[in-house]
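Note sheet for the following structure.
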Amino acid sequence: MPGTKRFQHVIETPEPGKWELSGYEAALPITEKSNPLTRDLDKADAKQIVQLLGQCDAEIFQEEGQAMPTYQRLYSDSILTTMVQVAGKIQEVLKDPEGGLVVLSGGGTSGRMAFLMSVSFNQLMKGLGQKPLYTYLIAGGDTSVVASREGTEDSALHGIEELKKAPFVAGQMDYCMDNPAVFLPVLVGFNPVSMARNDPIEDWSSTFRQIAERMQKLQEKQEAFVLNPAIGPEGLSGSSRMKGGSATKILLETLLLAAHKTVDRGIATSQRCLLEILRTFERAHQVTYSQSPKIAALMKQASTSLEKKGRVYLVGWQTLGIIAIMDGVECIHTFGADFQDVRGFLIGDHSDIFNQKADLINQGPQFSFSQEDFLTSILPSLKEIDTVVFIFTLDDNLTEVQTLVEQVKEKTSHIQALAHSTVGQSLPTTLKKLFPSIISITWPLLFFEYEGNFIQKFQHELSTKWVLNTVSTGAHVLLGKILQNHMLDLRIRNSKLFWRALAMLQQFSGQPKAPCMESLLQVIHFPQPLSDDIRAAPISFHIQVAHEKEQVIPIALLSLLFRCSIPEAQAHLAAAPSVCEAVRSALTGPGRKRSAEPLETLEPALQ
């Protein structure tokens with residue numbers, strides 16, 4: 001592993017890459033840059049896709065490079081020191097639980113991770129006979145855990161209302177800093193503060209960068225904390241559900257578990273304790289990607305089902321079911337997928353894990369995720385072209401697993417298992433025989449006390465997340481949804497995605513910001529002609545209109561490339577075998593006025 005060689009590393013990570021150079025895609029924060037490792041992702045086969053995304057995930061554990069110590073990383077002293085300080089603050093709450101609370105909050109993937117971690121750590125505390133002290137907030141409320149509601153994270157005022165009882169997060173951070181006697185805010189992100197978004201938040205007086213800078217200043221007095229290691233660009237540009245979600249889980253579970261582990265012994269958290277836990281996550285990467293051939297086979301099967309207009313169902317037990325739900329939900333806004341394309345289901349009791357369970361009842365099929373929902377709504381209509389993936393550990397109720405597998409197998413032969421076991425455990429032969437293929441991941445025994453069970457549980461979850469993210473991402477790559485390593489066909493559901501869409505139009509058309517913005521707005525509001533009033537409307541208005549529209553970015557891009565009208569661009573798209581083939585032929589074919597320029601030459605639209 002490159003870097004300072006301070007630690008004995010478990011996995012080999014790629015050399016620090018071009019993205020670390022100061023001029024590379026300078027207009028974009030790290031989390032929005034394209035990863036040089038995956039530039040040809042759209043040309044890769046299933047095995048290559050798994051390899052490339054595995055290399056991108058390995059970048060999470062990379063150290064600072066000696067040649068290019070540009071950014072602090074997960075193993076940097078500054079990050080480990082801050083983690084120790086935050087763990088110390090958590091311990092203060094654990095030692096004096098009366099009136100104390102640990103609130104995990106976020107929008108989109110971050111909010112879903114907040115939900116998952118609050119469930120896990122409350123389970124840990126209940127198991128120790130302690131009062132649960134964790135709760136979560138997610139932009140859009142509990143419905144956002146199980147369904148795609150990405151636009152809700154744009155509201156700062158909503159964030160404050162949720163905290164009293166990204167912009168969503170920004171409002172909360174501001175409110176915490178204004179009330180230091182009550183709150184201690186900790187901001188987790190993966191860009192340097194200087195790269196934080198600086199565009200105005202519509203219902204708020206500060207930009208996100210100004211709030212992060214204010215927190216940085218307060219960190220000197222330990223009245224706020226910023227945890228922001230660089231983990232490198234996503235394998236799929238901007239898809240923060242992947243590395244961003246995984247690194248959030250790794251970072252927070254490490255410091256929270258360290259706080260619990262050491263408070264029980266009456267000692268302070270140390271860097272050594274943090275490193276012990278971080279190593280277990282690093283091993284999880286090695287163990288997971290050792291199954292690459294089987295992950296690639298599952299990816300091909302999922303892609304075939306989607307290509308034939310079938311569905312992919314992810315059926316998970318306990319918290320692995322929550323990971324399955326997250327993966328399905330996040331395909332909707334990432335790939336412009338229908339909510340039925342990839343869907344997760346949670347097998348088992350979920351009666352006490354939601355804050356506002358009433359919000360989820362009778363909301364319609366998009367909010368169906370329970371065992372009963374799968375048995376009554378999905379099982380009767382399963383088809384041979386559908387794929388069903390069963391996700392469980394060998395400590396789960398295997399009789400229940402077998403019963404459900406037998407029921408599903410009557411409808412489709414396309415079933416797979418992702419099964420986690422500990423050394424010495426083996427899958428019963430009767431269950432094993434039911435599956436044509438099993439991704440069987442065997443974990444070493446962990447000789448920790450009670451918390452050791454939770455480290456193993458967190459490994460299972462992270463490993464499952466990596467497998468499902470890789471499978472669902474790769475399946476859509478194989479369907480032709482990706483151009484190079486960009487999600488060209490995403491739905492514009494919030495301000496982050498709006499600005500990302502504009503950046504892609506600039507990159508691939510090679511045209512300045514103004515005509516790209518004009519084309520984007522034309523497609524969003526088509527067939528209504530653009531008036532000066534519409535052009536001057538706030539971003540939230542355009543997002544509201546774009547929210548349910550499909551293929552906005554490819555149509556706008558084809559219009560720019562061919563210098564043609566919106567209906568003509570739509571006709572070009574309709575005549576092509578896939579979105580990306582339409583754009584690819586436009587970029588290389590006759591009538592192309594100008595080749596795309598590298599993004600670093602563009603004006604800083606996203607600063």
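Numbers for residues simply follow the sequence, beginning at 1. These figures come from a predicted structure and were not determined experimentally.
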Of I231, I250, T31, L236, the residue whose pairing with K243 passes side chain to side chain contact (heavy atoms under 4.5 Å, CB included):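 Exactly one candidate clears the test, I231.
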R491: which of H547, E550, Q551 passes side chain to side chain donor-acceptor pair (under 3.5 Å):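 Of H547, E550, Q551, side chain to side chain donor-acceptor pair (under 3.5 Å) with R491 is met by E550 alone.
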Under 3.5 Å: donor-acceptor pair, side chain of E234, backbone of G244: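 Yes, E234 side chain to G244 backbone: donor-acceptor pair under 3.5 Å.
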Test item: R500 side-chain N/O and G238 main-chain N/O as donor-acceptor pair under 3.5 Å: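 Present.
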Less than 4.0 angstrom from a charged side-chain N to a carboxylate O is my criterion; do [X] and [Y] meet it?
| X | Y | value |
| --- | --- | --- |
| E581 | R584 | yes |
| K249 | E461 | yes |
| D42 | K481 | no |
| K261 | E276 | yes |

Candidate pair L394 and L427, rule side chain to side chain contact (heavy atoms under 4.5 Å, CB included), full reasoning: CA-CA 7 Å; L394 267 58; L427 205 58; 3.6 Å; yes
Check against ring-ring contact (aromatic ring centres under 6.0 Å, His included), F281 and H285: CA-CA 7 Å; F281 287 122; H285 181 281; over 10 Å; no
Contact summary for N469 and D327, nearest pair of heavy atoms: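 Distance-wise, the nearest heavy atoms are ND2-OD1, 2.7 Å.
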Criterion side chain to side chain contact (heavy atoms under 4.5 Å, CB included) on V119 and Y134, from CA distance to verdict: CA-CA 8 Å; V119 168; Y134 289 84; over 6 Å; no
Sub-4.5 Å side-chain heavy-atom contact between I441 and Q291: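 When only atoms from C-beta onward are counted, Q291 and I441 do touch, with a gap below 4.5 Å.
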